[in-house]
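Have a look at the structure below before the remarks.
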Amino acid sequence: MLGFALRRVTVGLATLVAVTLLMFLSVSALPGDQCSASLGRTATEGALARCRQEISGQGNIAVRYVRWTASAMTGDLGTSHVRKEPVAAALAPRLFNTFVLASVAAGIAFPLAIVLGVLAALRRDQAVDIGLPTLTLIGMTVPEFVSATMLVLVFSIWLGWLPGISMIPPDAPISRILPVIATPALALAFISMAHTMRMVRSCTIDVLESCYVHMARLRGVPERLVVWRHVLPNAMLPAIGIIALQFATLLAGVVVIKVVFNYPGLGRLTMDAISNRDLPLVLGIAATLAAIYVAVTLVADLLMFALNPRLRTVRS
Amino acid sequence: MNRTSTALSDVRRVAKAVLVQPSGALGLVILVFHVLMMVVAPIVVPYDYAAQSASDMFLPPSSAHWLGTDNLGRDVLTRVMLGGQAAAVTTVLATTVAVAWGAVAGITAGYRGGLFDELFMRLIDSFQAVPWLLFVMLIAVTLGNAPIVLILVLGFCYGLQSARVARAATLDIVARDYIWAAKARGEPMLTILWQEIMPNIRNVLLVDGAMQWSWMLLWFSSLSFLGLGVSPPHPDWGLMISDARLYLTVIPWAALAPMIALSTFIIGINLTADAFGKALGIDRSAGEAGA
Amino acid sequence: MSAACALSVSSLSVRLSRPDGEPRFILRDIGFALDRGETLGIVGESGCGKSTLLAAMLGSIGKGLQIGTGSIRLDGREIVGIDRQQLEHLRGRQIALVPQNAAQTLTPSLTIGRHFEEQLALKTDLPAAARRERAAELVATMRLPDPAAVLARYPHQLSGGQQQRIGIALALAGQPSVLLLDEPTTALDVTTKLAILDLLREIGAQEKLAMIYVSHDIGVIACMSDRIGVVYAGELVEEAQALVLLNSPRHPYAAGLLASVPRMEAQTMPEALPGTPPGPRPASAYCAFSPRCARATGLCRTQWPAQTQLTPEHRLACHHPLEPFGLRPDRPASIATIRQTANGAIQAPDIPLITVESLEIAYRKRSLADFTRGRTPQATVSDVSFTVAPGEVLGLIGESGSGKSTILRSIAGLLAPRHGEMRFAGQVLADNVACRSPDQRGRIQMIYQNPDDSLNPRQSVRQIIQRPLIWFRGLKGAELDAEVKALVDTVRLPARHAERRPGELSGGEKQRVAIARALAARPSLLLCDEITSALDVSVQAAILGLLDELRRETNVAMLFVSHDMAVIRHIADRIVILQAGRICEAGATGTIMAHPSHPYSASLIAAACGYDAYFR
């Protein structure tokens, strides 16, 4: 177990290095150097020159990457030129908000997705399994901003059941955020549920069609026990990985939906950083998103390792 | 001669297998409708897509404007009919780029195998952690949103997924004894790839390409929605939804029309690709499980 | 068929459940009865309905099938048409199945102990404490050491043989009266297989079980059964006491099937049974075997033969049965006989076609993990040397994992050995096929184990065969067409098959195409990698016959790999016995068969000879 954990952590760290390096290189290689990008078109010649000197004083790109990495490890992701505040300070409250939103969405989506996915697999070719894929198809293929806008149109504007889009500052206390979270959380949950359910269904079907489930039936194990004892534990194992990936997507992806609802999370910040060409902030966000992905998949892998007897125990 | 007749009968058999599936038939009808619309739209649209009119702002659907007008007084029907072309063309080209480089990379990795393949997969795996949307947005902002830039960037990002699919398909074939037999004859690698492997994975790549196209459309319209795709005033569904969103309470039709158009287009592609996959005996979920 | 019968089946038919058109049958009019303590062996080619018969007795015929008519009685109780709860109750308690591949039939998330606990809790009235004891007792009965440790393990922690024993023990947990065995030893090594068969016989007698043993391996059936039933196209064409049926089959199909089995003591090559069994048939009015039957007359083609009772214990469905003991007409002595009588005389030849010197091969390529830890994968084959003379057949025998296929791949140039040298026709043979001369590549040709895998499904038979003709011999146009035609004819395929794709051919036909492809390059050495093990015995005999003929006509040498002593014996001049990647014995076939010097060779031979005892 320890050996596996160590190996997995090493791979995670290597991934993180690879991703930040890629982002760092693309940020540096973009035309119009960093200074004109970050200071904007209105920058004076003097300011530009000062900025360039400052950067070249930091050495070549390799040195700068190493420095950036070193300070990133201490929690210092640099300073946003545009916002005039440390990147970490800009990120922290929004990361928290994103986490709250993703957790609420996950709390709705995953239990539902598991129950419905398993049901669809068990009742194949029946009404459940025909209705649900249709819903899944819509959830998976329709762009997220379309389903989000649709949600607002139907439930906020026409029916008035949900709060619409509201403006809240990023550092608002959680008591102010929670009431308006319902609509974006539902939109996120719908999309996430579609993906998760589809995967859970296919995992469950794989197990249902396995030899050992067939054999359990032939041994005369009652159907209820077959499902609970032989099918579910084996189907849920790969589902952990799927759910982890979906949770990482809820946290790090789905930028657009957060823009639709004007939610003060990472999505909004990303948009701002990019349109302002706030490169240190872009880099900081990219590193954070990659770190989230790596961390979530790492936890899932360790969990799967611990729960899977095939991996946990050695062959004798 | 014999070969062409076999190929023809294959095509006929597949087409039949697609059309007998209700979802396949529906998808194909939607897809054909959209493509026809895109072709004839420039000739038949009733208004100029950019013509603004202060007197015609926020009009509800009527006989003059079947789908009403938007906040600038432009005809919504005209813009919806024209709003798919840019996205469709750009994404088709980007998909071609993605499948082309992805297939080459994936097939090479699958064929070479061993250490090379393992390193390649590790690289692809770690790329999963890259926030690609952020990457694409950054490029679009700094390099501008010229179609060629978007085609190449989207093509690059999506090629990673294609590479995965192509590699999995190749790995499945490369271990078969007929490939070993060809190697034992001393046939050159390209002959083996083209004569022995390609015919067996062609269908997988085609169906994957179709799926990629639908994801690509999704991304492209997201970019447009964020103002990074098509430049105004050229009509585009994503952009139209973004604009109309601010007036959702006043003119819901201006948002609904492009939303329906975009959604049906993507669903149509999906249904068709799915039906083709089933008809050709390709299990799509198997390919995804590796993703 | 008194109520005392443990199992009685009468006029059972199973058909495809298609509402439209004529019903098509998978099983038709099957009837037999089995008492406790009796074993009925069921044989037949693949696709004859053996598995469906077992499934029907468990009340679990697949989707798309339905029981047409008939009854199945367990201890006098009808089970056709009973509901799911009643079936669940019966399974495991009255009737139990030992599956084919136990590894895949044990739930990976449950320990062995949990499997037993579940079965005992459901199927017995034992209290919890007694259940644990009983589980350990069952495991001990299977002669597994340290039952407590076994119970604590997960399925993947056991070896194939151990898993199979657990499969049997689980089936016995509910003390059923009827035990169904579905090829339970196919996936096992010879030695394990013998041990399990012994165990099954012993338990069957001890527990007075009524057993049905289904297998395509007639040797296994012969040593397991009291009675044998022969199934063809879903019909029970003959059923009799084992010794009667084995030595005096009356149905031409039964006789043909038995004649195709390679035997250790027979003086003749196994005889092929031409043709393939039909698919699901309508309830037609003719004998299903008549298209393949040499004795068929107009009567067979117009009237379905009803089952007749020859003696109380011998039933037969045939219009023109063979005479009792009519099986052995004087068959011509084939080359195999001559080779055996000449045995000791064959020596290692002076001018070998191919020489292999102290070969060491690792099957696995180096992985990233190997690379970072600086280790090298373990060798699968080490210190292997042998020679093959022109026109000679060298048999390479060993169990799965003994490295025999690995050696062939190295000789074919597909897997570079780590050490050692190969010389072909006096010249050094490069490790990598790309570094060999076209002449060398053409003269060494390989035929693979599984024809499904060795023919490109997207190419027609013509394309497959003409590729080496173009590549090695540069043929074009009419010459090419003529040569393809000649090759198709050489391997006894109808000319029209040239335009078909592999998917449209049967297993035996596919293997013939693979042979034709190898012959197209005009080889002097054929590498045959278990080329008959994926085929039915009847087809195997035909392929062996074809190879024997080819080598007499073209004087091609062969390196013939197999796990089956009886097969090797009929085709090889000399044999090399491999165990765990090393040669444990080598010599002339006859010498080794008569006086094996290594205990491992002796056990392989004993395993194969065991079956012969049941034949006349």
Side-chain angles (χ1 to χ4, degrees), chain A residues 11-12 14-19 22-23 26-27 30-32 37 137-138 140-147 149-150 152-153 156-158 164-165 198-199 201-203 205-206 238 245 248 252-256 259-260 270-271 273-275 277 279 282 285-286 288-294 297, chain B residues 23 122-123 125-135 137-144 211 214-215 217-228 237-238 241-242 244-246 248-249 252 255-256 258-260 262-271 274 283-286 288-289 291:
Chain A
V11 170
T15 306
L16 213 48
V17 170
V19 173
L22 177 83
M23 291 307 287
S26 28
V27 164
L30 288 175
L137 180 78
I138 294 173
M140 284 181 60
T141 54
V142 171
E144 53 207 50
F145 60 90
V146 170
S147 33
T149 311
M150 210 55 207
V152 171
L153 191 62
S156 308
I157 296 177
W158 289 349
I165 301 154
R198 184 191 154 94
M199 298 292 225
R201 174 175 175 271
S202 92
C203 288
I205 286 176
D206 283 351
L245 273 184
V254 222
V255 173
V256 187
V259 174
V260 173
T270 310
M271 274 308 289
I274 284 179
S275 47
R277 304 196 180 191
L279 296 182
V282 169
I285 294 173
T288 312
L289 295 183
I292 290 174
Y293 176 90
V294 167
T297 47
Chain B
S23 60
R122 282 283 157 92
L123 196 69
D125 274 345
S126 63
F127 273 1
Q128 284 222 298
V130 174
W132 288 112
L133 187 60
L134 189 150
F135 183 79
M137 281 160 66
L138 185 67
I139 302 270
V141 164
T142 44
L143 295 181
M211 293 313 299
S214 86
W215 301 134
L217 260 170
L218 211 140
W219 262 43
F220 183 84
S221 53
S222 298
L223 283 179
S224 285
F225 178 81
L226 296 174
L228 298 170
W237 293 332
I241 297 168
S242 173
R245 196 170 53 94
L246 304 172
L248 212 48
T249 42
L256 267 178
M259 268 161 51
I260 291 169
L262 176 59
S263 307
T264 51
F265 189 36
I266 297 184
I267 289 178
I269 296 173
N270 250 283
L271 289 177
D274 239 5
D283 188 4
R284 245 184 73 216
S285 61
E288 265 171 39

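Per chain, numbering begins at 1; letters A, B, ... match sequence-line order.
Formation of a donor-acceptor pair under 3.5 Å by the Ser263(B) side chain with backbone atoms of Ile260(B) is not found in this model.
When heavy atoms are compared at a cutoff of 4.5 Å, Val146(A) approaches chain B by way of both its backbone and its side chain. Using a 4.5 Å cut-off between heavy atoms, Leu256(B) touches chain A through its side chain atoms alone. Of the atoms belonging to Leu134(B), heavy atoms from both backbone and side chain fall under 4.5 Å from chain A. Within the 4.5 angstrom heavy-atom criterion, only side-chain atoms of Met23(A), from C-beta onward, approach chain B. For chain A, the nearby parts of Thr249(B) are the backbone and the side chain; heavy atoms of each come within less than 4.5 Å. Contact of Leu226(B) with chain A is made through backbone and side chain together, with heavy-atom distances under 4.5 Å. Residue contact with chain A, scored on non-hydrogen atoms closer than 4.5 Å, involves the side chain of Trp132(B) exclusively. Contacts of Leu228(B) with chain A are absent, with no heavy-atom separation under 4.5 Å from either backbone or side chain. Contact annotation for Leu137(A): only side-chain heavy atoms (C-beta onward) come within less than 4.5 Å of a heavy atom of chain B.
Chain B forms more heavy-atom pairs under 4.5 Å with one residue of Thr15(A), Ile274(A), Val142(A) than with any other, namely Ile274(A).
Counting heavy atoms from C-beta outward, Leu138(B) and Leu279(A) have side chains that approach closer than 4.5 Å. Side-chain contact check for Pro143(A) versus Leu262(B): some heavy-atom pair is nearer than 4.5 Å.
Relative orientation of the Phe225(B) and Phe145(A) rings is parallel, given thresholds of 30° and 60° on the angle between their planes.
Exactly one residue among Leu271(B), Leu217(B), Ile266(B), Ile269(B) makes a side chain to side chain contact (heavy atoms under 4.5 Å, CB included) with Thr141(A). That residue is Ile266(B).
Considering every non-hydrogen atom in both Ala129(B) and Val294(A), the closest pair reads CB-CG2, 4.3 Å.
One finds the OG1 atom of Thr297(A) at 11.5 Å from the CD1 atom of Ile292(A) (value rounded to the nearest 0.5 Å).
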